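Report on the following structure.
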Protein chains: 2
Amino acid sequence: MAIVQTSPGRRALTKKSAAVEAAPEGEIYERIVGAIIEHRLPPGTQLIEEKLAAVFGVTRSRVRTVLARLAHEKLVTVHRNRGAFVAAPSVDEARDVFGARRLLEPALLEQVTERATARDIAALRAHVKKERAARAANDRQAIIRLSGEFHLLLAQIAGNALVLEMLKELSSLTCLIIILYDAPALPACPHEEHGGIVDAIEKRDLRGASELMVKHLDHVESSLRLVSEQSAEIDLQEVFAPGLR
Amino acid sequence: MAIVQTSPGRRALTKKSAAVEAAPEGEIYERIVGAIIEHRLPPGTQLIEEKLAAVFGVTRSRVRTVLARLAHEKLVTVHRNRGAFVAAPSVDEARDVFGARRLLEPALLEQVTERATARDIAALRAHVKKERAARAANDRQAIIRLSGEFHLLLAQIAGNALVLEMLKELSSLTCLIIILYDAPALPACPHEEHGGIVDAIEKRDLRGASELMVKHLDHVESSLRLVSEQSAEIDLQEVFAPGLR
DNA sequence: GTAGACTCGATTGTCGACAATATGCTAGCG
DNA sequence: CGCTAGCATATTGTCGACAATCGAGTCTAC
């Protein structure tokens, strides 16, 4: 599990401005997810039920159900009797996320290339354009968000609601992982690779699209520093008795 | 959504023998899942919190969290202010489940054929043997359960914990779907198709294994009567104003 | 100065009670 | 005789309070 505690002694939430009007459960969920994937809540931060309740103007129990849902989606991890924390996926977990995407997404393209209408393609192109704009404006948050949404758009075209949900979860997790493991300087996002995929889809070139997608995912993954630096026990082994096991 | 109410006036739970010793949350979950996939709780049955609480010797709140989890996994559907019911996937949802499996599982075999050790293969063979025995004994419940577990075994060999979880959920849902849509007489389960897949894996024949897997899933799906007979709203449209929309 | 035990504060887990809601039934009315 | 409105009941949703638990910091002994 290896929760990476944010360094300066468990930074907790700072109370937001008093927007104390009861928010419905869905909204609370959305807003927390938004805060996480835009890394206003960095991995490792504790989510204190009472404070969240106060912020959203609801009681703890409602916050609790939302946190449970987030836990199921692995966006937060809850430690029994200790609380809920924004998830900090381990290296292995991060690899699993990319692995799952490599299984789903290329295969998904089969249906996409078959079923995509002209309208769909136009929507994809429009999206790519938005991404380009965001990149030009150097709006890192928008880049990450749009980059994720592109893949969801594909799932939507494929027309399988269940897979769409799965990819939503995987996409959020990917955001978290990028935040955690990205060398913070470079954008680490696809330079126009999405555009190429759309081209292939338009040509109904399943083979090409799939290959591009795999390459794309590999590219994103390899741009991260997915080496186990922070996995406590193993490191100790390696540090003090290198080579001998 | 189209909940198929079990015909004779919403059959509710009949209280079990008084095993009133507090069960931990995990156990409650397991037992309910077990009851669902072995169709001791048929699709559509209402799960009344208080009665479950009594059965398991816990308070309603604990049952509540378990039901929430089951809802997230789509094994039960909750209607606000009305309660939780064992899920009864619509035809579309059923198709989506098979669609998702067709995406995941053939692709999964790439890693399986690469990584399967002799030990793994032996385990698979042993499992197939168990399935054969269950089929010989005509133990329908065991057949369904083992049939699902075979696929989980594959996911385990592939070594991606996330994908394993996804398949677990898909597998449970598949059980539900089989119960719902199977022509109740015939077993509708793979006649030895699993064995063939293992053969292909042993030969490291990715291509063959994938094809067999797709064929296998198609076979299971097509053995079901996945025609929309019971989808309320659309049927009404179609029945009373055919052609005109 | 360090290790270990202890206390205290903060936070979560659980429970019971009450309010809100939907459903089925009954009675009254057209 | 059918239909609507209202009532009664069963079940869920929500809240507040209390108990359990954990971590941090402190204090003491060596």
Side-chain angles (χ1 to χ4, degrees), chain A residues 1-15 20-29 32 41 44-72 75-87 232, chain B residues 1-15 20-29 32 41 44-72 75-87 232:
Chain A
M1 266 294 145
I3 284 296
V4 180
Q5 206 68 276
T6 42
S7 25
R10 182 189 295 168
R11 166 181 12 164
L13 324 164
T14 67
K15 205 177 77 189
V20 198
E21 14 183 311
E25 184 169 317
E27 189 190 318
I28 299 177
Y29 170 81
I32 296 182
L41 288 175
T45 34
Q46 185 171 12
L47 300 170
I48 292 168
E49 298 176 357
E50 215 162 323
K51 303 205 175 161
L52 287 174
V55 169
F56 292 115
V58 298
T59 52
R60 250 181 65 206
S61 44
R62 193 160 306 185
V63 172
R64 212 140 209 286
T65 70
V66 173
L67 288 179
R69 180 173 168 195
L70 289 168
H72 194 113
L75 277 182
V76 318
T77 60
V78 306
H79 296 226
R80 163 128 191 149
N81 279 325
R82 298 218 302 116
F85 301 79
V86 177
Chain B
M1 266 296 145
I3 284 294
V4 179
Q5 206 69 276
T6 42
S7 27
R10 183 189 294 166
R11 164 178 19 157
L13 323 164
T14 67
K15 205 176 80 188
V20 196
E21 15 181 309
E25 185 170 316
E27 189 191 320
I28 298 177
Y29 169 80
I32 296 182
L41 288 176
T45 32
Q46 185 171 12
L47 300 170
I48 292 167
E49 298 176 356
E50 216 162 328
K51 303 206 175 162
L52 287 174
V55 169
F56 292 114
V58 298
T59 52
R60 251 182 63 206
S61 45
R62 192 159 307 180
V63 172
R64 211 143 211 284
T65 68
V66 172
L67 288 179
R69 180 172 167 195
L70 289 168
H72 193 113
L75 277 182
V76 319
T77 60
V78 306
H79 296 215
R80 163 130 192 147
N81 279 325
R82 298 217 303 117
F85 301 79
V86 176

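In this text the structure is predicted, and so the values were computed from the model without any measurement. Lettering of chains follows the sequences in order, A, B, ..., and the numbering in each one begins at 1. Values below: every heavy atom of this structure, side chains too, minus hydrogens, waters and symmetry copies.
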Heavy-atom distance under 4.5 Å between the side chains of Ile32(A) and Leu75(A), does that happen here?
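Not in contact.
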Interatomic distance, [X] [atom1] vs [N] [atom2] [rounded to whole Å]:
X: His79(B); N: dT12(D); atom1: NE2; atom2: C1'; answer: 14 Å
X: Lys51(B); N: dT9(D); atom1: NZ; atom2: C1'; answer: 13 Å
X: Glu49(A); N: dC15(D); atom1: CD; atom2: P; answer: 14 Å
X: Leu67(A); N: dT11(C); atom1: CG; atom2: P; answer: 14 Å
X: Asn81(A); N: dT21(D); atom1: CG; atom2: P; answer: 7 Å
X: Leu47(A); N: dT12(C); atom1: CG; atom2: C1'; answer: 13 Å
X: Phe56(B); N: dT14(C); atom1: CZ; atom2: C1'; answer: 19 Å
X: Gln46(A); N: dA10(C); atom1: CD; atom2: P; answer: 13 Å

With a sphere of 6.0 Å drawn around CD of Glu50(B), does it hold more than 12 non-hydrogen atoms of other residues, nucleotides or ligands?
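Result for CD/Glu50(B): open.
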Please determine, for the side chain of [X], which listed nucleotide ([options]) has the closest atom?
X: Ser61(B); options: dC22(D), dC15(C), dT12(C); answer: dC15(C)
X: Arg82(A); options: dT23(C), dT21(C), dC22(D); answer: dC22(D)
X: Glu50(B); options: dT12(D), dT21(D), dT11(D); answer: dT12(D)

What residues, two or more places apart in sequence or in another chain, satisfy side-chain hydrogen bond (donor to acceptor under 3.5 Å, both in side chains) together with Arg62(A)?
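Once residues adjacent in sequence are excluded, Arg62(A) has no partner under the side-chain hydrogen bond (donor to acceptor under 3.5 Å, both in side chains) criterion.
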Need one value for Arg80(A): base, sugar-phosphate or nothing, where a base atom within 4.0 Å counts as base even if backbone is also close, heavy atoms only.
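Sugar-phosphate, no base atom in range.
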Pairwise distance CD(Glu49(B)) to CG(Leu67(B)) - rounded to 0.5 angstrom
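Glu49(B) atom CD to Leu67(B) atom CG measures 6.0 Å (nearest 0.5 Å).
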To the nearest 0.5 angstrom, please state how far the CG atom of Leu70(B) sits from the CG atom of Leu47(B).
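Reported value, rounded in 0.5 Å steps: 8.0 Å.
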Within less than 4.0 Å of OP1 or OP2 of dT14(C), is there a side-chain N or O belonging to Arg62(B)?
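For dT14(C), OP1/OP2 do have a side-chain N/O of Arg62(B) under 4.0 Å.
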Using only side-chain N and O atoms of Thr59(A), determine if any of them is under 4.0 Å from OP1 or OP2 of dC15(D).
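Result: yes.
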Toward the 5' end of DNA chain D, by each residue's nearest nucleotide, Arg60(A) or Glu25(A)
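Per heavy-atom nearest nucleotide, the more 5' residue is Glu25(A).
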